Amino acid sequence: MEDAEYDLAFFHRAGFRRRACTVCGAAFWTLGDHDRCQEAPCRDYGFLGRPGFARAYETHAMREAYLRYFEQRGHARVRRYPTVARWRNDVFFTQASIYDFQPWVTSGAIPPPANPLTISQPVLRFIDLEEVGRSGRHFTLFEMMAHHAFNRPDHEVYFKDRTVELCHGLLTEELGADPTGITYKEEVWEGGGNLGPSLSVGLLGLELATLVFMEYVRDGTSLRPMPLTVVDTGYGLERFAWMSQGTNTAYEAVFGREYEELRRTFPPREAAILIDHARAINFLLTDGVVPSNSKEGYFARLLLRRSIRILQRTPEAPELSAILDASAREIARAFPEVGEHRDDLHRVVAAEAERFAESIERARAMIRRYDERTRAGGGRVTEDDLIQWYDSLGIPPDLAVEEVRDPPPIPDDFYARVATRHESERPATEYAEVVEGLPDVPGTVPATEVLYYLDPYTLAFEAHVVWVGGPFVALDRTYFYPTGGGQVTDTGQLGDLAVVDVARRGPWILHRLERPAPFAVGERVRGRIDRPRRVQLMQHHTATHLLNGALREVLGPHVWQAGAYKGPEAARIDITHYKPLSRDELRRVERRVNEIVREDRPVKSYFEGRSAAERRFGFTLYQGGAVPGKELRIVEVEGFDVEACGGTHCTHTSEVGAIAISDVERIQDGIVRLTYSSGERALDLRDEHEEILKEAARRLGVPVPQLPDGIDRLLGEIEESRQRARARRKEDLGATAARLLSDPTVAETLGATTLLTGQVDLGRAELMELSRLLTKAPGRVAILAGEEDGRGVLFVGSTSPQVAANEVVRAAAPAFDGKGGGNPAAATAVGEPGAPLAHALRAARESARRAAGADGGAPGAARP
RNA sequence: GGGCACGUAGAUCAGCGGAAGAUCGCUGCUUUCGCAAAGCAGAGGUCGGGGGUUCAAAUCCCCCCGUGUCCA
C-alpha cells in the first residue's frame, strides 16, 4: 500500500501528524505527541480504573449510543444477521459484520439492505477460545458494531475521509475521549482476493476499531481497482463498554451482574468462560444450530461440554439451564428472539448433556478394562493413551486418570499434542459457487424482469430477446424459473426450441436451449413452460414450507431447514434435530401438514422491506439462508409459516394436494432428512406402495392386513428349517463318526494315544467338525482326508500331548504338494489338484505313529 | 469436510492369522411350600456388508454402511 492511501484530507484538516511507532515501527496518525501507537502491546492499558470515555456505558447503552450516532448521520440501522452463515459455503459462522454482505452485495450482484448502514452484528471467533477468561478481553462471541458504505462508480456514498471523520467524531464528541489520545495506525487488510488500506484505532492501549477500505482486487502481482469499493469497519462493542467503565477485565464490564453472580461460586476465569459460553450458546441455538459432531454443530457441542465440565467439577454449581436463562434474559433486552424458546432450548441442551454423560460413562468403563488388562500384562497406561482417548472417546484427561490405578502425569502440552495428531489432515476443500459453463453477458444488456415472482400461473408469454450467446438466450422478461433455492429449473419451449435449463446469472436469467439459438436481438419470441413439471415443482416447494412449519410445531422451534431439494419426482428437507424422529412424531407431522393442506389456507407471495418483514416475522424467515437486499420476497402461509423465498408457490394450500412422507433418515449427527412427495406424485407414491403391499400379500398368500403375521410365520419357518438342516448335518457327521469308529482299520492305539485315520467325502469345514467329534476324549488323534474344490484336504486334530497336529501336517504336506499349517491341536493342508491324497494320508499316519510311539509307546502296540 | 476409534450371542465386552469365547440375561433340571439364591445342563453367532490377500481371515488390505469422538 502506498503512503498516499492513508494521507487523508481529514487528518490534515484536523491537524493530525503522521509518526512511526518506536515499538512496532508502524506509521500512525495522531493529534497528540505519542512516540508509539496507542495499542497493546506497544503500550500498557491506561484505562483500567481511569475510563477513557466521559461516562460509563453498560453494554446495551453503548450499542444504542453507537447505532444512534450513525443513524443521526444518515445511516440506516440494520438488524443483526444470524450467527450461522448459512448463505455462505466457505465459513460456518458470521465472523465479522461484513460477512453479512458477502459475497452478493460486495460483488455488486445485489444491492445492500441500506446504504450507508449501521449494524451491531454478533460474531463468533473460535480461534480465541483458549484466551477466553484468560486475557481479560477475548470472547467466543462478541458484537462487531459497524458502519458500512458501498460505493458504485455511479453512486459514491463515502469513503476513507468521511469514515475516519465519523469514527473520530464518535470517539471524541459522542463518547468524550481525549482527541489527542487516539492513534490511527496504518495497516494493510487483505482477504478473499481483495485488499485495501486500513486504519487501526487505538486508545489508551486498547485497539477499539478497525477501519478497512476494500479497494483493490489482487490480480497476480498487480492490483486492479474494484468496481465496488466498500467501507468495512469493525468496532468492538465489548471493548467500548470496557473502555467506558475501566474495569479490571472486559468480562466485568460486559456481563456485569451475571458475571458477579457466577463469581460467588467460581474463580474469575471459570466464571468468565461460563458466561461467555452461555451467551454464544444462546445465540447459536437460537439461530438453529443443534449440537453435533461436525460442522457448526460441533462448536455448539464444544461450548456446551466445556461448560458442563466446569459445572461438574464445582460443588454447589448452579444448573447450566439457569446460567443460560440468566444470559438469555440479558441478551433479549436487545435481541428479543434470543430467549423466546426457552423450553425448547433446554431440551436441546438436556439431550446434549445426556449424550455427553453417556460418552463419558462408556469411556470410563473402557478405560477401566484397558487398565486392568494392561496391568495384568505388565504394562501401564501412557500419556499417549490419554491423548488417544481424548481424541477418539472424547474423555478429558483429568477424567480419564480417575479410572487408572497408576496413571501417567497429564502432559502440560496435552492439547497441543492432540493438535499435532491432526496436523497431517487435509484442509477442508473450499469450493467456490460453481457457475457451470455460463457465458459472460455484457454489462450493457438490460436486466431480466422476473415475472414468476408475481404470477406463478402464467406459463405462456411473449418477450423480446435482449442477448444471445450460443444456446443461451436472455429475454427482457421471463416466467421461466431458474434453478435456485433448492428448486430445480423449469423446462419448456422458446419459439420452437426446447429450453433444457434456466439459470440466474447476475441480473439476468439465461435460458439454455437444446441447440444454438436462431434468434436475433430484439426479436419477439413466445415462451411456453412445461406445465406438469412446473405444477409439480410448485407443489413440492409449497409442501416443503408446510412441512417445515409442521416440523417446528411438532418437534420444537430448534428445527431449522438445513437444506432442501425440490425436484419433479420427490422433494427433500434436511432439518436440524437432536434425535431420530419417533414413529409417533412422524405420524403427527404428516397429519398436521395434511390438515393444513385441507384447510386451504391462502399462500401469499409478496415483497416487503427487510426491516419491516424482520420485525413482523422474526429470524425464522431465513430458513433457506439469509438473503441480502432491501426487499425480501416473503412467502406466507397464512397463520402458519413465513419464509423469505424466491421460489414458485401455490396460492392456496389445498393445491398441494396431499403430502406423503416416504423416508426419514438421520443423514448426520444433528440433521434429519425427510423425503416426501405431494400432488400427483404423492398419489403415485401411495399407489406404488399399495401395489407393493398387495403384491407382497399375494406372494405370501395372505390378505394385506395379515402381512406382518404372515411374515412372522414365514420367518419362523425359515428359522425352523435352518435349525433342522443344522441338526441333520450334525446327525450326518455323528453317523460318519460312528461308522469310522466301528471300522477296525481306522483305529490304532499306541500307548496312551489312539490314532483314527480315515478318508471321507467331506470338505474342510466338515472335516474339522468331524475331527471334534472323534477327539472328544483325551489322547485321540484324528487324521482325516477329504476334498474341496477338486483339491485334497488333510485335517489333523489332536488331544494327545505326544502328537502335535501341525507337526504331522508339516510332515505329510509334501506328499501331495500341499501347503498348510495350524497349531498342535488342529492343522490343515490343502494339496494341488490331482496330487495323491492317499500318500499324504499315509505320510501323516506315519508321522503321527512316530510321535505317539516315540514317547515310550507300549511295546507291541505298533503294527507295520 | 478431514483424522482417529469402534461395529463379535438379547445386553456389556474379550479374542486381533490356525477348531468362535467370558459375564449378565434366557431355557431346563436339582434344591425350595413359594420367592430370592446356589449348583448343574442347555439354547442362542451369515464376528456390520461387499471385494481382495492367504493352505487358512472375526483377525491383514481395499471399498461401502452404521456409531462415537476429535479437529476445521
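These figures come from a predicted structure and were not determined experimentally.
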Shorter than 3.5 Å, N or O on both sides, protein versus nucleotides 45-47 of chain B: list them out with atom names.
{"residue": "G45(B)", "atom": "OP1", "partner": "R722(A)", "partner atom": "NH2", "Å": "3.4"}

When you compare the protein's N or O atoms with those of nucleotides 20-27 of chain B, which come within less than 3.5 Å of each other, and at what distance?
none

Between the protein and nucleotides 4-12 of chain B, list the N/O to N/O atom pairs that are separated by less than 3.5 angstrom.
none

Distances under 3.5 Å between nitrogen or oxygen atoms of protein and nucleotides 48-51 of chain B:
none

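Just one residue in the list R306(A), K579(A), R301(A) forms a salt bridge (Lys or Arg N to Asp or Glu O under 4.0 Å) with E352(A), and that residue is R301(A). With respect to L740(A), the side chain to side chain contact (heavy atoms under 4.5 Å, CB included) criterion is satisfied by exactly one of L756(A), T757(A), L770(A): L770(A).
Between R417(A) and D384(A) there is a salt bridge, since a side-chain N of the basic residue sits under 4.0 Å from a carboxylate O of the acidic one. Ion pairing between a basic and an acidic side chain is recognised when a charged N comes within 4.0 Å of a carboxylate O; R137(A) and E131(A) show no such pairing. Using a 4.0 Å cut-off between a side-chain N of Lys or Arg and a carboxylate O of Asp or Glu, R421(A) and D391(A) qualify as a salt bridge. Here E361(A) pairs with R368(A) in a salt bridge; the nearest charged N to carboxylate O distance falls below 4.0 Å. A salt bridge is absent between R739(A) and D743(A); no separation between the charged side-chain nitrogens and carboxylate oxygens falls under 4.0 Å. A salt bridge links D669(A) and R355(A); the closest N-O separation between the charged side-chain nitrogens and carboxylate oxygens is under 4.0 Å. A salt bridge between E720(A) and R724(A) is present, with a side-chain N of the basic residue lying under 4.0 Å from a carboxylate O of the acidic one. The existence of a salt bridge linking E143(A) and R80(A) is excluded, since no basic side-chain nitrogen approaches an acidic carboxylate oxygen closer than 4.0 Å.
Between the side chain of Q623(A) and the backbone N or O of Q561(A) there is at least one donor-acceptor pair closer than 3.5 Å. Put simply, the side chain of S97(A) never gets that close to the backbone of Q121(A): no donor and acceptor are under 3.5 Å apart. Looking only at distances, no side-chain donor or acceptor of D128(A) sits under 3.5 Å from a matching main-chain atom of F139(A). A side-chain donor-acceptor contact under 3.5 Å links T286(A) to the backbone of N282(A). A donor-acceptor pair under 3.5 Å is absent between the side-chain atoms of N806(A) and the main chain of A826(A), judged by distance alone.
Taking atom C1' on both nucleotides, C33(B) is separated from G25(B) by 27 Å, rounded to a whole Å. Distance check on atom C1': U59(B) versus U8(B) gives 11 Å, rounded to whole Å. Here the separation of U27(B) from C63(B), taken at their C1' atoms, is 42 Å to the nearest Å. U53(B) and G10(B) have their P atoms separated by 32 Å, given to the nearest Å. Distance noted for atom P between G48(B) and A57(B): 15 Å (whole Å). A22(B) and G15(B): their C1' atoms are spaced 10 Å apart (whole Å). Comparing A9(B) with U46(B), their C1' atoms are spaced 14 Å from each other, to the whole Å. Taking atom P in both G17(B) and C13(B), the straight-line distance is 22 Å, to the nearest Å.
Using a 4.0 Å heavy-atom criterion, one finds that A829(A) contacts no nucleic acid atom at all. Contact annotation for R301(A): backbone-only contact, meaning every heavy-atom pair under 4.0 Å involves sugar-phosphate atoms and none involves a base. Nucleic acid contact class of G818(A) (heavy atoms, under 4.0 Å, all strands): none. In this structure, N293(A) reaches the bases: a heavy-atom distance under 4.0 Å links it to at least one base atom across the strands shown. Across all strands, I395(A) comes closer than 4.0 Å to no nucleic acid atom at all (heavy-atom distances). Counting any heavy atom pair closer than 4.0 Å across all strands shown, F126(A) reaches no nucleic acid atom. Among the heavy atoms of the strands lying under 4.0 Å from G394(A) are primed sugar atoms or P, OP1, OP2 only; no base atom is included.
Side-chain atoms of V418(A) lie closest to C70(B) of the nucleotides C70(B), A19(B), C55(B). Of the candidates U69(B), G1(B), C55(B), the closest approach to any side-chain atom of S294(A) belongs to G1(B). The side chain of R666(A) sits closest to G68(B) out of A72(B), A19(B), G68(B).
A cation-pi arrangement, defined by a distance under 6.0 Å to the six-membered ring centre and an angle within 45 degrees of its axis, is absent between R347(A) and Y578(A). A cation-pi geometry, defined here as NZ or CZ lying under 6.0 Å from the six-membered ring centre and within 45° of its normal, holds between R88(A) and Y99(A). Geometrically, R572(A) engages Y565(A) in a cation-pi contact defined by less than 6.0 Å to the ring centre and at most 45° from the axis.
Following rounding to the nearest Å, I367(A) (CD1) and A14(B) (P) show an atom-to-atom distance of 13 Å. Atom CD of E766(A) is separated from atom P of A56(B) by 16 Å (rounded to the nearest Å). Note: CZ (R88(A)) to P (G1(B)) measures 19 Å, nearest angstrom. If you measure from atom CG of D669(A) to atom P of G1(B), you get 13 Å, rounded to the nearest angstrom. The distance from atom CD of E665(A) to atom C1' of G66(B) is 13 Å, rounded to the nearest whole Å. To the nearest angstrom, P of A14(B) lies 8 Å from CE of M366(A).
Residues from residues 774-785 of chain A placing a heavy atom under 4.0 Å of any atom in RNA chain B, listed by number, are T775(A).
By the neighbour-count criterion of 12 heavy atoms within 6.0 Å, atom CZ of R405(A) is sparsely surrounded, having that number or fewer from other residues, nucleotides or ligands. For D663(A), the CG atom counts as densely surrounded, since its 6.0 Å shell holds more than 12 non-hydrogen atoms of other residues, nucleotides or ligands. Around CD of E354(A), the count of heavy atoms belonging to other residues, nucleotides or ligands within 6.0 Å does not exceed 12.
RNA chain B is contacted by both R373(A) and K819(A); R373(A) maps to the nucleotide lying nearer its 5′ end (nearest heavy atom per residue). Two residues, R791(A) and A365(A), neighbour RNA chain B, and the one matched to the more 5' nucleotide by heavy-atom proximity is A365(A).
For G1(B), one of the phosphate oxygens OP1 or OP2 lies less than 4.0 angstrom from a side-chain nitrogen or oxygen of K295(A). The phosphate of G68(B) (OP1 or OP2) has no side-chain N or O of S359(A) nearer than 4.0 angstrom. Between R355(A) and U69(B) there is a side-chain N or O to OP1 or OP2 distance below 4.0 Å.
Where RNA chain B pairs in unbroken runs of 3 or more (Watson-Crick or G-U, both distances under 3.5 Å), the stems are B:1-7 with B:65-71, B:10-13 with B:21-24, B:26-30 with B:38-42, B:48-52 with B:60-64.
Residue T828(A) places no side-chain atom within donor-acceptor reach of the base of A56(B), judged by atom type and a 3.5 Å distance cut-off alone.
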Assess the residue pair Q668(A) and S294(A) against the criterion (side chain to side chain donor-acceptor pair (under 3.5 Å)); give the C-alpha distance rounded to whole Å, side-chain angles, the decisive distance to 0.1 Å, and a yes or no. CA-CA 8 Å; Q668(A) 55 161 275; S294(A) 70; 3.2 Å; yes
